[in-house]
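See structure below.
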Amino acid sequence: MTGQLRHMLRDDDVTHEEQKQILELGMKFRENRFYHRPFEGPQAVAVLFDKPSTRTRSSFATGVAELGGYPLVIDKSGSQLGRGEPVADTSRVLTRMTSAIVWRTFGQDRVEQMAKYATVPVVNALTDAFHPCQILADLLTIAQFRGGVDALPGMTIAYFGDAANNMANSYLLGGAVAGMHVRVAGPYGYLPDPQIVADAERIASQTGGSILVTTDPQEAAKDADCIFTDTWVSMGEEAEYAVRSKPFWGYQVNDELMALAKPDALFQHCLPAYRGKEVTASVIDGPQSVVWDEAENRLHAQKALLTWLIGQQRGDADLLS
C-alpha cells in the first residue's frame with residue numbers, strides 16, 4: 001500500500017467510508033486504550049495552543065502518550081508564533097522534528113498554511129471555522145449508546161444556539177459525511193455561511209443524509225435522536241455576554257425542547273457549559289445527558305484520528321483497522 005499524506009483541517013476532509021473507519025478505530029480504543037501505539041519511540045507530536053483549553057489539551061496530551069509518543073505541548077506565549085513568526089516557518093521546523101502537528105488556533109487559514117508546508121499530518125484541534133475533533137467524539141458517543149457506527153446513517157441530530165459558529169459548521173459537514181439528517185437552529189443574523197450549507201447539502205445528497213437550517217427550534221427538535229448545543233458566547237467575548245446572549249434565549253435546551261425529541265434522545269454539549277443559559281441544569285445533569293462520555297470520547301476519537309492519519313502516511317494497513 002502506497003503512503004499518502006493526509007490532514008484533518010475540516011470535517012469533510014474524509015469521506016463517508018474513511019470517517020466510518022476512524023470511528024470504528026475509536027470504538028476499539030474505547031475497549032482497549034493501547035490498541036495501537038504508532039508513535040512508539042517515543043516519537044513527538046507537536047500540540048500547539050493559541051487558545052485556552054481543558055479537554056483538548058488533556059485529551060491530546062494523554063492520547064499521544066498512550067499511543068507511545070511524546071506530546072510536545074507549546075503555548076502561544078512560549079513560541080515564536082506568538083511573536084509573529086510566519087506559520088510557514090514554524091511548519092518547516094516542526095515537520096522535521098515531529099510525526100504530527102495538532103493546532104488549536106483562530107483563523108482557518110492558519111491551519112491551512114501549516115498543512116501547506118508540513119510533511120507530516122496536521123490536525124485542526126479547533127479554529128474559528130471548524131472543530132472536527134469534537135464532532136468525531138460526538139459521533140463516537142452516539143455510536144457508543146445507539147448500537148455502533150453502522151447505526152449512525154439515517155439518524156437525526158439537532159443543534160441549537162449560535163448557528164454561525166464553528167460547532168454548527170462542523171455538525172453540518174461531519175453529520176452529512178456520516179449520512180445523518182442534520183438540523184441547525186438559530187436566530188436570524190446567526191445562521192451558517194451559505195457556502196458551508198451548500199457543501200453539506202452536496203455531501204448529504206451522496207450519503208443519504210439531509211440538511212435543515214431553520215430559525216424554528218421546535219421544527220429542529222421534533223423527533224431528533226440527539227440534541228446538541230454550545231455556549232452562546234465564545235472565548236474572549238465573556239464581557240459582552242448580556243448583550244450577545246439576547247438573541248439566543250429562544251434556543252435554550254430545556255425540558256420542553258427535549259420533550260419534542262425522541263423519548264430516548266441523547267443530549268450532548270462540547271463544554272464548558274453554562275447552566276441556566278444555553279442549557280438548563282435539569283437537562284445537562286439529567287438522565288438523557290451523555291456529556292461526560294462525550295468528553296472522554298475526545299480521547300478515543302483523537303487517538304483514532306492520529307492513528308488513521310499516520311497509517312495513511314505510512315501505508316500501514318494494520319493501523320487502519
For Y35 and F29, indicate whether the former's side chain and the latter's backbone hold a donor-acceptor pair under 3.5 Å. no
Same apolar cluster (I L V M F W Y, side chains within < 4.5 Å links), L23/L173: yes
Would R183 and E219 pass as an ion pair if we require N to O under 4.0 Å? no
Using modelled atom types only, decide if a donor and an acceptor are shared between the side chain of H36 and the backbone of K303 within a distance under 3.5 Å. no
All side chain to side chain contact (heavy atoms under 4.5 Å, CB included) counterparts of Q206, not counting sequence neighbours: R202
Of all the heavy-atom pairs spanning A176 and I211, show the shortest one and how long it is. CB-CD1, 4.2 Å
Atom OG1 in T90, atom CD in E85: separation rounded to 0.5 Å? 3.5 Å
With a 4.5 Å limit on heavy-atom distance, are the side chains of L140 and H300 in contact? yes
Take D316 and L320 through the side-chain contact (heavy atoms from CB on, under 4.5 Å) test and state the conclusion after the steps. CA-CA 7 Å; D316 188 341; L320 304 178; over 6 Å; no
Full working for side-chain contact (heavy atoms from CB on, under 4.5 Å) between M97 and V93: CA-CA 7 Å; M97 299 183 182; V93 172; 3.9 Å; yes
Distance-only side-chain donor-acceptor flag, E278 / H269, under 3.5 Å: yes
Same hydrophobic cluster for M258 and V184, using side-chain heavy-atom links shorter than 4.5 Å among ILVMFWY? no
Could you note down all residue pairs passing salt bridge (Lys or Arg N to Asp or Glu O under 4.0 Å) where residues 119-139 supplies at least one of them, sequence neighbours left out? K51-D128
Could you pull out all donor-acceptor pairs under 3.5 Å where a side-chain atom in residues 38-45 meets a protein atom, sequence neighbours excluded?
from, atom 1, to, atom 2, distance (Å)
E40, OE2, R37, NE, 2.5
Q43, OE1, S99, OG, 2.7
Q43, OE1, R314, NH2, 3.0
Q43, NE2, P38, O, 3.4
Q43, NE2, E40, O, 3.2

Determine, stepwise, if the pair I157 / D225 fulfils side-chain contact (heavy atoms from CB on, under 4.5 Å). CA-CA 6 Å; I157 61 174; D225 292 285; 5.6 Å; no
Decide yes or no for T15 and V177: does some side-chain heavy atom of the first lie under 4.5 Å from some side-chain heavy atom of the second? no
Residues in salt bridge (Lys or Arg N to Asp or Glu O under 4.0 Å) with K28, at least two apart? none
Those residues that, when tested against E201, pass side-chain hydrogen bond (donor to acceptor under 3.5 Å, both in side chains) (two or more places apart): none
Within a strict 4.5 Å, meaning less than it, do heavy atoms of the R30 and L299 side chains meet? no
When you group the ILVMFWY residues by side-chain heavy-atom contacts below 4.5 Å and let the links chain together, are L306 and I135 in the same group? yes
For A125 versus V102, what's the shortest heavy-atom pair and its separation? CB-CG1, 3.5 Å
Using a 3.5 Å distance criterion without hydrogens, assess whether the side chain of Q19 forms a donor-acceptor pair with backbone atoms of G174. yes
Can you hop from Y70 to V120 via hydrophobic side chains spaced under 4.5 Å? yes
Does N166 use its side chain to pair, donor to acceptor, with the backbone of A129 at less than 3.5 Å? no
Which residue pairs pass the ring-ring contact (aromatic ring centres under 6.0 Å, His included) test when at least one of the two sits in residues 97-145, sequence neighbours left out? none
Applying side-chain hydrogen bond (donor to acceptor under 3.5 Å, both in side chains), name anything that partners T119, two or more places apart in sequence or on another chain. T95
Do any N or O atoms from the side chain of S289 and from the backbone of D285 form a donor-acceptor pair under 3.5 angstrom? no
Here the side chain to side chain donor-acceptor pair (under 3.5 Å) pairs for residues 186-197, sequence neighbours left out, are Q195-D199
Taken to the nearest 0.5 Å, the spacing of Q313 CD from L309 CG works out to 9.0 Å
How far does CG of L191 sit from OG1 of T215, to the nearest 0.5 angstrom? 7.0 Å
Decide yes or no for L81 and K76: does some side-chain heavy atom of the first lie under 4.5 Å from some side-chain heavy atom of the second? no
Side chains of F267 and I284: closer than 4.5 Å at any heavy-atom pair? yes
Please give me the minimum heavy-atom distance between A158 and A224, naming the atom from each residue. CB-CB, 4.1 Å
Are the side chains of R104 and R57 in touch, meaning some heavy atoms are under 4.5 Å apart? no
Do H181 and M155 make a side-chain contact, defined as non-hydrogen atoms from C-beta onward lying under 4.5 Å apart? no
What is the minimum heavy-atom distance between C133 and V123, and which atoms define it? SG-CG1, 3.6 Å
Residue pairs passing the ring-ring contact (aromatic ring centres under 6.0 Å, His included) test with at least one member in residues 149-174, sequence neighbours excluded, are Y159-Y171, Y171-F228
Please determine if K262 and D223 form a salt bridge, counting it only when a charged side-chain N lies under 4.0 Å from a carboxylate O. no
Sequence neighbours excluded, which residues qualify as side-chain hydrogen bond (donor to acceptor under 3.5 Å, both in side chains) partners of T141? N297
Verify side-chain contact (heavy atoms from CB on, under 4.5 Å) between D162 and M167, making sure each step is shown before the conclusion. CA-CA 9 Å; D162 184 353; M167 290 303 300; over 6 Å; no
Side chain to side chain, T229 and Q268, heavy atoms closer than 4.5 Å: no
Joint hydrophobic cluster, F49 plus L72, side-chain heavy atoms closer than 4.5 Å: no
Determine whether a donor-acceptor pair (N or O, by modelled atom type, separation under 3.5 Å) exists between the side chain of N165 and the backbone of A168. yes
Side-chain donor-acceptor pair under 3.5 Å between R298 and Q134, yes or no? yes
Here the pair of heavy atoms bringing N169 nearest to P192 is OD1-CB, 4.2 Å
Check D89 with R92, please: is the shortest side-chain N to carboxylate O separation under 4.0 Å? yes
Any chance you could measure C270, atom SG, to R55, atom CZ, to the nearest 0.5 Å? 8.0 Å
With a 3.5 Å cut-off and no angle check, do the side chains of T280 and N254 form a donor-acceptor pair? no
Sorted by chain and number, sequence neighbours left out, side-chain hydrogen bond (donor to acceptor under 3.5 Å, both in side chains) with S59 holds for Q302
Write down the atom of L25, the atom of A304, and the distance for their closest heavy-atom approach. CB-CB, 3.7 Å
Measuring from atom CG of L67 to atom OG1 of T307, what distance do you get when rounded to the nearest 0.5 angstrom? 4.5 Å
Roughly how far apart are D216 CG and K222 NZ, rounded to 0.5 Å? 11.5 Å
Going by the rule salt bridge (Lys or Arg N to Asp or Glu O under 4.0 Å), which residues pair with E24 if we only count those two or more places apart in sequence or in a different chain? none
